Amino acid sequence: MSVFISKKLKEARNSAGFSLDEASKRMNISRRRMVSIEADESQITTEEILEFAKLYNVDVRELLLESYVDSAEEEILC
């Protein structure tokens, strides 16, 4: 994983209003693992990234791509 993805996961969790405990319970992982994911100390699977995106209600591209622009921003830029 990358520092960027870890940072985006933490930002998405905070924006969605989840505590570490709430998010880890909903993801069915330990709080310790959740902390290590957000600290870029643990690898995560593609499936987990997809589940995080669903849980936090964000586009998966937002978690993976540094230059992601959503469609509303694209319209503004054009």
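Bear in mind that the values here come from a model prediction, so they are computed numbers and not experimental data.
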What is the distance from atom [atom1] of [X] to atom [atom2] of [Y], rounded to the nearest 0.5 Å?
| X | Y | atom1 | atom2 | value |
| --- | --- | --- | --- | --- |
| Ser42 | Arg32 | OG | CZ | 10.5 Å |
| Lys25 | Ser30 | NZ | OG | 12.5 Å |
| Lys8 | Leu65 | NZ | CG | 10.5 Å |
| Leu64 | Thr46 | CG | OG1 | 8.5 Å |

Legend entry - Pair Glu38-Leu20, side chain to side chain contact (heavy atoms under 4.5 Å, CB included): steps then yes or no: CA-CA 10 Å; Glu38 289 186 358; Leu20 276 168; 3.6 Å; yes
Do the side chains of [Y] and [X] get nearer than 4.5 Å, heavy atoms only?
| X | Y | result |
| --- | --- | --- |
| Ser24 | Arg33 | no |
| Glu22 | Arg13 | no |
| Ile29 | Ile37 | yes |
| Glu47 | Glu51 | no |

Inset, instruction - Could I get the full list of side-chain contact (heavy atoms from CB on, under 4.5 Å) partners for Ala16, not counting sequence neighbours? - result: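 Here the qualifying residues are Phe18, Tyr56.
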Inset, instruction - Just jot down the side-chain hydrogen bond (donor to acceptor under 3.5 Å, both in side chains) partners of Arg31, sequence neighbours excluded, or say none. - result: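 Arg31: side-chain hydrogen bond (donor to acceptor under 3.5 Å, both in side chains) contacts with Asp21.
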Inset, instruction - Tell me, please, which residues at least two apart from Lys7 pass side-chain hydrogen bond (donor to acceptor under 3.5 Å, both in side chains). - result: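 For Lys7 there are no side-chain hydrogen bond (donor to acceptor under 3.5 Å, both in side chains) partners, ignoring immediate neighbours.
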Legend entry - Nearest non-hydrogen partners of Ile5 and Leu63, listed with the distance: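 So the two residues come closest at CG1-O, 3.4 Å.
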Legend entry - Leu9: which of Ile44, Asn14, Val58 passes side-chain contact (heavy atoms from CB on, under 4.5 Å):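 Checked Ile44, Asn14, Val58 against Leu9; only one passes side-chain contact (heavy atoms from CB on, under 4.5 Å): Ile44.
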